Amino acid sequence: MAKYLLKRFSVLIPTFVGVSIIAFGLIRLVPGDPVLVLLGERGADPVVYAKMQKNLGLDQPILVQYFKFVGQALQGDLGISTVSKSSVLSEFFNRFPATLELGLAGLLWAILLGVPFGIIAAVKRNSAFDYVVMGGALIGYSMPIFWWGLILIIYFSVGLGWTPVSGRIDVMFDIPPMTGFLLIDSLFSEDGFAAFWSALKHLILPAICLGTIPLAVIARMTRSSMLEVLGEDYIRTAKAKGLTRFEVVAVHALRNALIPVVTVIGLMLGTIVTGAILTETIFSWPGIGKWLVNSVTSRDYPVIQGGIMIIAAMIVMINMGVDVVYAIVDPKIRGKS
Amino acid sequence: MSKPLPPLKEFWYFFRQNRGAVIGLWVIGLFLLIAIFAPFLAPYTESQMFPDALKLPPVWSGGTADFIAGTDDVGRDLLSRLIYGARISLGIGFMVVLFSMSIGASIGLIAGYAGGFIDGAIMRGVDILMALPSILLAIVVVSILGPNLFNAIVAVSIVAIPGFVRLVRASVRSEKSKQYVIASKSYGASHFRVLVKNILPNCMAPLIVQGALGFSDGILNAAALGFLGLGAQPPTAEWGTMLADARPFIESSPWLVTLPGLCILIVVLGFNLLGDGLRDAFDPRLKK
Amino acid sequence: MSLLEVENLTIEFETLRGLIQPVTGITFRLEEGETLGVVGESGCGKSLTSLAIMGLLPDTARVTADKLKFKGIDLLNASDGALRKLRGGHMAMIFQDPMTSLNPSFTVQFQLDEVLRVHGKGDKEARHKRSLELLSLVGIPDPISRMNSYPHELSGGMSQRVMIAIAMACDPELLIADEPTTALDVTIQAQILALLQELQRKKNMGLMLITHDIGVVAEMADKIQVMYAGQIVETGKSESVIQDPTHPYTLGLLASLPGAQANVAHRSRLKSIPGLVPDLTSRPKGCQFGPRCEKVEPECKLKVPALIPVRDRETRCIRPVGGAR
């Protein structure tokens, strides 16, 4: 087991190096002089120019620049945003809870709906339910979610008036930050449940929007995995023992069928981040995605660099975590090492 | 036992069995025709403005027959813009698949065939690209190159490359150890000949499937970039960009939002249906 | 009342290429404490017959029979609940591949305890005791530590012993063993068969032993039933069938058995039966074995021969072989 973990960890290092090179190279690959690009052609005051050059770390030989960049990054110094003039890392962590809350809510919605739908579709194979779920999953899988979010707004916010159009919570509520999750913090605020209700109403549509593609993927994966397991010999054994149909599915099939589904959910992080970038833009959700898109539009390179590094690092680590958890859960791998 | 059909006929037989795939093919065919004959089908050009007809609703919700799908905020005919948009979106899909498949397959061939250090280095690079979510990676590329339609195509192509590299590399590695490749090498065939003549045709099937899915991903990602303002710029009649333009009028003129997105969904769905159908038709395991 | 009564059992499947009938009109009985050997090549309907008795066929199968009774209970019309009580409780089954027949995600203890729990055999403690007893019964060394093993930690032979323990858990009156040794090493095969025989005698079970190897049943079975293309082609007392086969197919099976020729009327070299089992979508006319039979006559192709009494058994051939010893 220890050997396995060590092997998994050693693969990470080149990946981190690669990501750092991409982030580092980003600003230097911009055609033309990045400082001039940032300052605008006419603002080439030599003092300002030198200051900017220093801020971006462009005044030294390239290798020195790179090692300095990595060294600072390892110490948590990802530079200063050229727009807000505050530290990239602290800006990231100010916004991160909002994205995490949205992502978890979307994933929860996708799992709570996708897994049962997939199971029932597999058990009732070729039924009307199966066709509807699989047809829906195919549409969900093909969904341009930036459009889907707008459609949800047209029907539920504008049409029915059930949910707010944008933001995380009504402006009248002032929530002192504790965990960063508004659903939790609101309950501890002065307004208590009213604030919580407002936060929840703001969360529902973005979470559904973000969860659409994961929902489709999970439902399809669960169904096909379940179908495969239901054809296994040990399912026949379970039936031969005199178990009910429900026990056979819920005890013997489900456990094995969910192993690949859990893996897929773990590897869905990239989809969620992509979804978050689009969803946050649609619903003006103050998270990482919107922050990054804005930084591209305003050419805030330190923010782009830092954001990419942190997100890539998180994804790589979580993917590894999934592998490790998988190794722990699956008795076959666990037993062998 | 019946005689086995020739491969192409057999493939077509199984493809025809898959209702979804056939529907997908029809949808794509229809949009392809629309794209090709856009100037004949569209009532106006994509940029022609009618100042007297701003934000006119479609004919089914009280508009006029002059502008069947209504008009946008500067009085352009929505139907014409959607028809010309088919050109752009299918063009994007085609370019993305062309770029990413040719580059990705070449890199995959080299990695799989060379093995050793070259393979290791290439695959680490692929891992890194795959560690970044597709839109984020595209954002990186666009932030370097600047936002416009061509750069969006480049960005989306780069995003799609790792998939092709992995696929071709895996095929090459499994084919490489087979008897006939070893045999043709023993006849003194050159490396290149072995690669191109023997290996490439054998990984055609998964490549075609990935190509169909690459179309849908490419169109979707490019539209997403357009929507974020990082892809095609207004006044280009790109569906994603049109969505972004229409956002301020979401309450007053919902059709400006509904119709372009519906077009994206239908085209992407068509390619996904086709891809799934192709995979089933190629996969011998499912044929039983 | 017999333990198991099967009359005119037919199994049909609707396929893309039309309706197929892998099992057509099977009739047999099994008494308490009796061992029935069912023999035939793969695809002859042996396994389907046993799955039909257990009620384990997929929903797509259409099962019809004039009679399908276990201890007088009509299996075709019994309620789901009643059938579940029988399965695992009164009739049990073990399968060909023990490695895939145990659930990889659960320990031996869980899988053994489950069948006891479902059939209400005592509280947790009693069931634990019983589980250990069962593991000893099937000859598993160190049962206490084996209880916590996962299936992948067991060898094939051990897995099949665990499967037998699960099958024996509720002292069933009928045990169906579907090719229980095919997936195992030769040395283990004999051990497992000996174990089955011992358990059958000890508990006076009805045992239905399904195999493609006529040599296996020769020693163990009281009765033998030879199946071909979904029909019984010969059935009778074990010694009679082995010593003096009446159907050319039985003869062929015996002749293809190494070392068994000495007992057979035809002392010849090791032979295989030419040809293949018929395709179920295009069955031959007349005798199903006709296309592969050395002694086929034009009359054989007229209609499917009936099962007729010949000497001390029944056979499905218009020109029974042997007899003139």
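Order of the sequence lines fixes the chain letters, A, B, ..., with proteins taken first and strands second; residue numbering starts at 1 for each chain. Quick caveat, the model's predicted, so the values are computed rather than measured.
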For chain B, find which of [options] contributes the most heavy-atom pairs closer than 4.5 angstrom.
options: A:Ala23, A:Ala312, A:Pro144; result: A:Pro144
options: A:Ile311, A:Ile315, A:Ile308, A:Thr274; result: A:Thr274
options: A:Ile145, A:Val273, A:Leu150; result: A:Leu150
options: A:Val316, A:Ile153, A:Ile304, A:Leu278; result: A:Leu278

For [X], which atoms come within 4.5 Å of any heavy atom of chain B: side chain, backbone, both, or neither?
X: A:Tyr141; result: both
X: A:Ile22; result: side chain
X: A:Leu138; result: both
X: A:Ile282; result: both
X: A:Val19; result: both

Atom CE of A:Met134 and atom CG of B:Asp276: how far apart are they, to the nearest 0.5 Å?
11.5 Å

Would you say that A:Ile277 contacts B:Ile139 through its side chain, given a criterion of any heavy-atom pair below 4.5 Å between the two side chains?
yes

Report, as yes or no, whether the 6.0 Å neighbourhood of atom [atom1] on [X] holds more than 12 heavy atoms from other residues, nucleotides or ligands.
X: B:Ile118; atom1: CD1; result: no
X: B:Phe94; atom1: CZ; result: no
X: A:Tyr66; atom1: OH; result: yes
X: A:Met314; atom1: CE; result: yes

Most contacts with chain A, counted as non-hydrogen pairs under 4.5 angstrom, among [options]:
options: B:Asp127, B:Leu220, B:Val267, B:Val141; answer: B:Leu220
options: B:Ile264, B:Leu243, B:Val268, B:Leu265; answer: B:Leu265
options: B:Gly20, B:Gly270, B:Ala224, B:Ala246; answer: B:Ala224

Reference residue A:Ser142; test side-chain contact (heavy atoms from CB on, under 4.5 Å); the match among B:Leu273, B:Ile219, B:Asn272:
B:Asn272

Checking [X] against chain A: side chain, backbone, both or neither under 4.5 Å from a heavy atom?
X: B:Ser216; value: neither
X: B:Leu262; value: both
X: B:Asp217; value: neither
X: B:Leu132; value: side chain

Looking at every heavy atom in both B:Pro254 and A:Ile154, which two are closest together, and how far apart are they?
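Reported closest heavy-atom pair: CB-CD1, 3.8 Å.
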
